[in-house]
Amino acid sequence: MRGKSLKVKETIIEKALFLCAAGSVTAVALITLFIFSSGYSVLRSYGPLNFIFGMDWSPVNGEYGILPLIAGTLEVTAGALILGVPAGIGCAVFLAEMAKERWAKLLKSAIELLAGIPSVVYGFFGLAIIVPAIRDWLLPAVQKIDPDVPASGFSVLAGAFVLGIMILPTIVSMSENAIRAVPLEFREASLALGADRRETITKVLVPAAKSGIFSSVILAMGRAVGETMAVLLITGNVPKVPTGPLDPAATLTGTIAMEMSYAGPEHQSALFAIGIVLFILIVILNSIALAVMKRFGGAV
Amino acid sequence: MAEKEKVFEIRDMDLYYGSFQALKKVNIDIYRHDVTALIGPSGCGKSTFLRSLNRMNDLVEGCRIEGKLLFDGEDFYGKDYDTIALRTKVGMVFQKPNPFPKSIYENLAYGPRLHGVKDRKKLDEIAERTLSQVGLWDEIKDRLGKSALGLSGGQAQRLCIARCLSVEPEVILMDEPTSALDPIATSKIEALIQELSKQYTIIIVTHNMQQAGRISDRTAFFFSGEILEAGDTRRLFTNPENPKTEEYITGRFG
Amino acid sequence: MRKRKGNKIIKSAVFFGSVRLAAAVTLGILALLLLFILVKGVPHLSLKFLAESPENMGKEGGIFPVLIGTVYVTLTSVLIAMPLGVAAAVYFSEYAGKGRLVHIIRFFTEVLAGIPSIIFGLFGFAFFVVFLGMGWSVIAGGITLSMMILPTLIRSTEEALKTVPGAYREGSLSLGATKWQTVVKVILPCCRSGILTGLILGIGRAIGETAAVMLTVGGSLKLPVSIFDSTRTMSLHLYMLASEGLSQEKTYATAALLILIVLGINWLAGFIGRRLTKE
């Protein structure tokens, strides 16, 4: 008798735990449902192709082309990767292979700490240092060659700089783990063949850790694409396709955050539609990272 | 001498892990108050067999068991069989001592509490009785509130045996209980097993031939998932019927 | 032969030089960021700043209601996410097999972890604020944040559960305990500090989040009383101050305070984590 009631209780508990675990499915489903249903009306009335490839974002005139925003996001992200990836991987190699064990541990935990700093703080840092630095130091020099360059300092470059800093912790931490996960035998085998340390690092260790490093870059890219507060404060939020690193830009995320507070119904729906594009972009990027990690047996 | 009472009766038991067959047509009877030793080379299935006697293999995904398996005359892999009750009656002691990271007292009170004993006095009694049974009472009665993780290997294993006794099992399964212990601790545990066999039925997996010879009444020799030979320990060790058994017990392989 | 060797030495020098440079730049910039904000902000921190209400949209005065709002929103999110996260982790680690369904649920958990915060903000706005009629409020922001930190909590709890030796499970089950009894009485007590660490990291994430909060809590500077009141968290306050350029002094002070809190939280999590490994 007791056995039976225990069994029933256990089954109920298991079902309840299952429901909690399935909570993330519910969450994702709800998010998808509400973002898509809220953004659907503009996508339909304006046409998805016009929406994505339209060159003109001016909600006041009922124009909802987000190509300038996509371009802004991609340019800022690309800039962040160009600045952040080499520095990050270099730092990871340094921590994994060159630094003394104690220092490596200390520095790594310091870097991981920085992953926890709120993005709005990075944004503020960009606003207080990087934008003025570009305006006061870089622009005067550039203006001698090209007098038409925008003079505010709010630019793709500033955004790329700040995002480049923000993705460092992700890249350093994951790449370092990946390099450390390479078995000692590989190192020894390479050194035993007469390779020097540089050759061992560039020809054996980094290639062996490439899936982990690649995943870190993809995840960093996802972080850069999805980042809102930092870019909002420093890219200038001008919805035009930026043609140079010193042009201001508006991003997908920044536009949503900025305009949501005053948008009318149709405009709001258009912002949700941007959310749809962003959502799909991120899911694709993260799936690539996951697949790569799984495929190569994932040294995470 | 009257026929001894059968505790376990196993007929044509097959056990699979996924598509791998780990046990093939195992037949064996386990008698009450006997010490039965299961011997054989590594990977022969003796531990797997032991762990299926209290359904610990249920934890392993893809594990499937066929055949007739009776405990006290009941099919304990039957649909409505109460696994919890089975595990209460068939206790287990593991290869590595695994006291919980709680106090010594809490380790001993854990089992009885699960089964509804809440009275502090009763729990105190159980702690004293079981610790006395395993010969630990005098050694550690002053530190019952201390963490069980501070005990030596031999003490920890005896505590685990005491913990097993705390729920008053009929059968104790022992999976190489001395393999992680030094010789002195081992001999203490062996003496304890002989003492316990007066009250309990014991089934022990061991790698140590001398141990099997010293403490068991009956022995079963497992070889690649089958029982090649089983019977009275003295007979099996002095006059094995199967040449493989002889090779193994004289140490020519394994 | 010799020439080649010389070549190699130069190559090595260049390689190691640039790696060192990369490391120095990375660490240098990150250090600069922290130092810059702390040096400029900490001098403006005072008890008065913490205990007073803001005046003139935050241009003068302190940030007391903002602190309370932050605590409110963070607590709400943690109180919702914590039980769900631990239960989900227990399910994954102790109950779930390797079935297809579990695989799918895990995948969705990963997806949830990767969704950018602004999307959470949009969703929170559409669902909690508008659809469920909560309005801009502590509760709308809190639930939105709880969804955001859920994957973190699940992951860290699962990691903690993984460190519990299987021998404890076997020991408990062999005494006739049910699975649930084993979980509650043996396994969860073993990983208290691991779960606590996850909780603290979740709190850190909730405090630092801005975009999701911006679209769900409103931004009122009044002291929130009920969970249905609109409020403002510290990170949102920092954004407002920075974007409107109201007061350099207050902006740096808020940023510095935010950094100090986050660093403190991470230190605490690390401290508890170290205690865990000692145990």
Side-chain angles (χ1 to χ4, degrees), chain A residues 6 10 13-14 17-18 20-25 27-28 30-31 34-35 38 86-88 90-91 93-95 98 107 109 111 113-114 116-121 123-125 127 129 165 168 172 196-198 202 222 226-229 233 253 256-257 260 271-272 275 278-279 282-283 286 290, chain C residues 8 11-12 15-16 18-20 22-23 25-27 29-30 33 36-37 84 87-88 90-92 95-96 105 108-112 114-119 122-123 125-127 131 147 150-151 178-180 204 208-211 214-215 235 238-239 242-243 251 255 258-259 262-263 266 270:
Chain A
L6 263 182
E10 285 288 310
I13 288 170
E14 180 165 353
L17 290 174
F18 173 79
C20 292
S24 8
V25 180
V28 174
L30 276 177
I31 291 172
F34 271 81
I35 304 287
S38 307
C91 190
V93 169
F94 178 78
L95 291 181
M98 293 160 69
L107 292 176
S109 54
I111 287 175
L113 214 60
L114 286 157
I117 301 282
S119 56
V120 63
V121 171
F124 175 56
F125 173 76
L127 184 70
I129 286 217
I165 297 174
L168 282 174
V172 173
D196 63 17
R197 270 179 73 209
R198 171 188 63 91
T202 55
E227 176 46 43
T228 311
M229 300 322 288
L233 284 167
T253 53
I256 299 175
M260 201 63 196
L271 295 177
F272 275 96
L278 193 59
F279 187 86
I282 295 283
V283 168
N286 287 341
L290 272 181
Chain C
K8 259 189 168 180
K11 267 191 186 165
S12 275
F15 174 75
F16 285 114
S18 39
V19 167
R20 283 218 166 81
V25 167
T26 304
L27 297 166
I29 286 188
L30 293 171
L33 179 139
F36 176 76
I37 291 177
L84 272 179
V90 166
Y91 182 79
F92 283 134
Y95 287 82
I105 296 179
F108 272 93
T109 310
E110 295 290 331
V111 169
L112 192 66
I115 293 178
S117 53
I118 187 75
I119 301 266
L122 276 178
F123 166 73
F125 175 75
F127 188 62
F131 185 77
M147 292 169 72
L150 187 62
T178 63
K179 216 167 196 179
W180 180 240
E209 180 47 41
T210 314
M214 190 166 153
L215 301 181
S235 36
L238 173 60
Y239 167 71
S243 65
T251 317
L258 203 48
I259 287 183
V262 169
L263 291 186
N266 277 282

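Chain identifiers are assigned alphabetically (A, B, ...) following the order of the sequence lines, protein sequences preceding nucleic acid strands; residue numbering begins at 1 within each chain. Computed from a predicted model, the values in this text were never measured in an experiment.
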Self-check item: Closest-packed option against chain A by number of heavy-atom pairs under 4.5 Å, given C/L150, C/L27, C/V111, C/V90
Solution: C/L27

Self-check item: Qualifying residues under side chain to side chain contact (heavy atoms under 4.5 Å, CB included), relative to A/A27, sequence neighbours excluded
Solution: C/L112, C/M147

Quiz prompt | chain A contact via C/E110 - side chain, backbone, both or neither, heavy atoms under 4.5 Å | solution = side chain

Quiz item: Do you know which two heavy atoms are closest between A/G90 and C/A22, and how far apart they sit?
Solution: CA-CB, 3.8 Å

Quiz prompt | Per-residue contact mode, C/S18 against chain A (heavy atom under 4.5 angstrom) | solution = neither

Practice problem: Go through C/L263, C/L258, C/I115, C/T210 and name the one with the most non-hydrogen pairs under 4.5 angstrom from chain A. | Solution: C/T210

Self-check item: N/O donor-acceptor pair under 3.5 Å between A/T253 side chain and A/E227 backbone
Solution: yes

Quiz item: Given a strict heavy-atom distance threshold of 4.5 Å, which part of A/E10 is in contact with chain C: side chain, backbone, both, or neither?
Solution: side chain

Quiz item: Given a strict heavy-atom distance threshold of 4.5 Å, which part of C/F127 is in contact with chain A: side chain, backbone, both, or neither?
Solution: both

Quiz prompt | Leading residue by heavy atom contact count with chain A [cutoff under 4.5 Å; candidates C/N266, C/I29, C/L30, C/L84] | solution = C/L30

Self-check item: Non-hydrogen atoms of A/I256 and A/G275 that approach each other most closely
Solution: CD1-N, 3.9 Å

Quiz item: Does any heavy atom of chain C fall under 4.5 Å from the side chain of A/V121, the backbone, both, or neither of them?
Solution: both

Self-check item: Heavy-atom pair of closest approach, residues A/F272 and A/F34
Solution: CD2-O, 4.5 Å

Quiz item: Which residues pass the side chain to side chain contact (heavy atoms under 4.5 Å, CB included) test with A/T202, sequence neighbours left out?
Solution: A/R198, C/F15

Exercise. With a 4.5 angstrom heavy-atom cut-off, could you sort out which part of C/Y239 is near chain A: side chain, backbone, both or neither?
Key: both

Quiz item: Between C/L215, C/L238, C/V25, C/I259, which has the largest tally of heavy atom pairs under 4.5 Å with chain A?
Solution: C/L238

